[in-house]
Amino acid sequence: MINSRVKPATITLSTLIIHNLAQFRIPIFQSQPYHSHHRTHRHTSKSSPEPHKPTRNLLRKPIPLLADLKQIQDPDEAISLFHDYQQMGFKHDYPTYSCLVYKLAKSRNFEAVESLLGYLQTHYIRCKETLFIGLIQHYGKAQLVDNAVELFHKMGSFNCSRSVQSFNAILNVFVDNGRSESANEMLRSCSKMGIWLNSVSFNIIIKMWLEKGDWEMARQLFDEMLEREVEPTVVTYNCQIGFLCKKGDVEGAKSLFQDMVKKGKKANAVSYALLMEGLCSLGRYKEAKKLMFDMEYQGCKLKIVNYGVLMTDLLKRGEIGEANSLLVEMKKRRVKPDIVIYNMLINYFCKEGKTTEAYRMLVDMQIAGCYPIAITYRMVVDGFCKTGEFEEGLKVLNAMLMSRHFPRMETVRCLILGLLDKGKVEDACFVLEEMEKRKKKFNFDSWEVIVKDSCTSDRSVRQLLDELVF
DNA sequence: CACCGGCACG
């Protein structure tokens with residue numbers, strides 16, 4: 001086992017920084033500020049002789065369990081709270097169950113999801129269709145297409161009827177996972193299932209053909225839509241506008257845009273963003289920016305995505321000065337940068353080896369109330385590894401783990417090797433130990449092997465790792 | 001609460 005008494009100096013340093021910032025009540029490295037609060041809350045409620053009295057609070061809003069459950073992000077903790085209540089004789093209701101199911105699905109704990117569903121089924125607790133739709137989407141994102149299909153077919157046994165919405169959800173899972181044959185098969189069976197395709201169904205199919213690069217088929221479906229008197233939506237047009245823009249045919253996209261307006265469909269911020277992206281990719285930044293002002297003149301509300309398109313282009317061209325001006329402009333217009341904008345800037349700094357700026361941005365964004373996500377942390381840690389600043393990298397990794405985000409395996413490997421190379425054995429141990437703690441939860445199967453494999457060149461390091469891991 | 005489209009990583 002790894003020596004757990006190791007306390008590397010860098011951790012103390014980062015803890016100090018966190019502590020200092022915490023004094024100003026800025027949750028710098030905690031993306032979920034409720035977590036620590038909740039921990040203490042649970043402990044007190046457990047030790048006190050009379051915890052929540054759930055039955056009495058039934059008519060009060062919000063029900064304490066549900067409110068608590070919504071604040072917990074650790075699914076294991078959620079389950080245990082759930083069981084606590086159950087043991088106290090609290091009868092769970094559907095909102096509580098569905099909240100827990102969503103939580104478990106989000107953390108990809110599908111085993112727990114299935115067992116909870118089984119419970120709901122045997123106790124005849126009626127589930128809403130949105131619950132199944134949400135789960136189908138989660139399965140799809142996890143590439144568990146077969147599980148999604150199975151759930152779709154099981155819906156009836158939950159006494160839940162399938163509308164076109166869950167049909168669309170499963171259709172989209174097929175398309176997004178490259179299973180166009182299954183999607184087509186599904187379409188052929190829709191009338192058998194008593195489902196009438198709506199505009200969203202057509203949008204998904206049009207997307208499918210466009211992803212295959214088949215413009216003709218996409219147009220054919222668009223025509224079929226009109227024949228069947230299914231009204232195209234702005235999304236129908238946006239899909240096609242986006243396709244043409246990516247091909248470099250901004251003029252074609254513009255005329256489609258005009259068609260849409262002529263038919264009385266109002267363009268939205270995405271329609272404009274797509275055109276702007278097309279213009280930028282043709283090197284026509286100025287026109288793109290002008291279009292952004294036009295859209296406001298046309299009465300279309302400007303969204304952050306429009307700035308995002310411009311920012312992406314500027315940073316791609318290395319125009320950091322212009323990018324900064326754009327940020328200032330956003331501030332003037334009271335458009336708050338979002339996580340995507342910050343990620344773009346941080347990515348730029350990291351790629352340029354400007355880790356100091358990247359780190360400052362990581363801090364600044366949190367002061368501005370925008371919390372890093374896994375991608376954000378990964379970029380900064382990778383950036384530090386690339387410049388050989390492994391101690392700084394560890395500092396950020398620590399913050400990352402504290403906010404319950406998880407690094408990529410390659411990042412961890414690189415960091416450990418770098419720390420060892422610099423003689424920071426204790427820090428390397430700390431990282432190994434933290435990974436060990438989390439490997440099961442994050443499905444981190446064989447990281448030991450990978451770390452060890454990469455050390456074969458250095459015998460002394462390899463021996464050390466053997467010692468650490470076993 | 002959540003059927004489809006849009007700026008960030010790999």
Side-chain angles (χ1 to χ4, degrees), chain A residues 66 70 95 98-99 101-103 105-106 128-138 140-141 152 162-176 183 195 197-208 210-211 225 230 232-243 245-246 260 267-278 280-281 288 292 303-316 326 330 335 337-348 350-351 361 365 370 372-383 405 407-411:
Chain A
L66 191 56
K70 282 184 175 170
S98 62
C99 176
V101 170
Y102 282 130
K103 195 140 287 184
K106 208 177 157 197
K128 285 185 185 162
E129 191 184 10
T130 48
L131 181 75
F132 293 103
I133 292 171
L135 284 177
I136 288 170
Q137 288 177 310
H138 276 298
K141 287 211 178 94
F152 178 74
R162 292 176 300 208
S163 78
V164 65
Q165 290 180 24
S166 39
F167 179 88
N168 288 340
I170 198 77
L171 194 63
N172 194 51
V173 166
F174 283 138
V175 172
D176 282 351
I195 279 166
L197 302 183
N198 64 11
S199 55
V200 174
S201 324
F202 277 97
N203 292 347
I204 295 165
I205 303 305
I206 287 172
K207 176 179 74 170
M208 180 180 89
L210 291 176
E211 270 169 11
M225 209 171 165
V230 178
T233 66
V234 65
V235 177
T236 320
Y237 285 98
N238 284 352
C239 284
Q240 299 173 61
I241 288 169
F243 178 83
C245 285
K246 281 191 181 70
M260 170 172 73
N268 63 14
V270 176
S271 324
Y272 282 98
L274 291 164
L275 285 181
M276 287 169 64
E277 207 181 350
C280 284
S281 68
M292 191 170 80
K303 280 197 167 181
I304 190 93
V305 55
N306 300 102
Y307 276 108
V309 169
L310 295 180
M311 191 66 89
T312 306
D313 188 57
L314 288 174
L315 293 174
K316 210 181 278 167
L326 196 65
M330 287 167 71
V335 180
D338 64 352
I339 181 68
V340 180
I341 300 277
Y342 283 116
N343 282 347
M344 289 185 327
L345 291 161
I346 287 174
N347 181 47
Y348 170 80
C350 288
K351 285 258 161 70
M361 197 57 82
M365 65 186 284
C370 183
I373 58 173
I375 299 166
T376 325
Y377 285 115
R378 280 171 196 165
M379 291 187 295
V380 182
V381 180
D382 286 342
H405 295 291
R408 288 184 308 138
M409 189 137 29
E410 298 78 52
T411 306

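Below, read A as the first sequence line, B as the second, and so on, with proteins coming before strands; counting in each chain starts at 1. Worth saying up front: this structure is predicted, and the values here are computed from it rather than measured.
The nearest whole Å value for the distance from the CD1 atom in I304(A) to the P atom in dG6(B) is 18 Å. Rounded to whole Å, atom C1' of dG10(B) lies 17 Å from atom CD1 of I346(A). Atom CD1 of I341(A) is separated from atom C1' of dG6(B) by 12 Å (rounded to the nearest Å). For L314(A) and dA8(B), the CG to C1' distance is 15 Å, given to the nearest whole Å. Distance L274(A) CG to dG6(B) C1': 6 Å, rounded to the nearest Å. Between I170(A) atom CD1 and dC3(B) atom C1' the separation is 12 Å, expressed in whole Å. Rounded to an integer number of Å, the gap from CZ of R408(A) to P of dC9(B) is 12 Å. One atom, OH of Y272(A), and another, C1' of dG6(B), lie 15 Å apart when rounded to the nearest Å.
Among the heavy atoms of the strands, none lies under 4.0 Å from T130(A). Base contact: Y102(A) has a heavy atom under 4.0 Å from a base atom. Counting non-hydrogen atoms under 4.0 angstrom, K351(A) reaches the backbone sugars and phosphates but no base. Note on I206(A): nothing from the nucleic acid sits closer than 4.0 angstrom, heavy atoms only. Across all strands, D382(A) comes closer than 4.0 Å to no nucleic acid atom at all (heavy-atom distances).
The side chain of Q137(A) lies closest to dC3(B) when the candidates are dG6(B), dC3(B), dA8(B). Among the nucleotides dC7(B), dC4(B), dC9(B), the one closest to the side chain of I375(A) is dC9(B). Closest to the side chain of I133(A), out of dA8(B), dC7(B), dC3(B), is dC3(B).
OP1 or OP2 of dC9(B) sits under 4.0 Å from a side-chain N or O of N347(A). Under 4.0 angstrom from either OP1 or OP2 of dC4(B) there lies no side-chain N or O belonging to Q165(A). K207(A) has no side-chain polar atom (N or O) that falls below the 4.0 Å cut-off from OP1 or OP2 of dG6(B).
With no hydrogens or angles considered, a side-chain donor-acceptor pair links N168(A) and N198(A) at under 3.5 Å.
Looking at N268(A), its side chain has no donor and acceptor atom pair within 3.5 Å of the base of dG6(B).
Using a 4.5 Å cut-off on side-chain heavy atoms (C-beta onward), Y102(A) and T130(A) make contact. Counting heavy atoms from C-beta on, the side chains of N203(A) and T233(A) come closer than 4.5 Å. Looking at L326(A) and Y307(A), their side chains come closer than 4.5 Å, going by heavy atoms from C-beta outward.
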Give the C-alpha distance, both sets of side-chain angles, the deciding distance and a yes or no for side chain to side chain donor-acceptor pair (under 3.5 Å) between N268(A) and K303(A). CA-CA 9 Å; N268(A) 63 14; K303(A) 280 197 167 181; over 6 Å; no

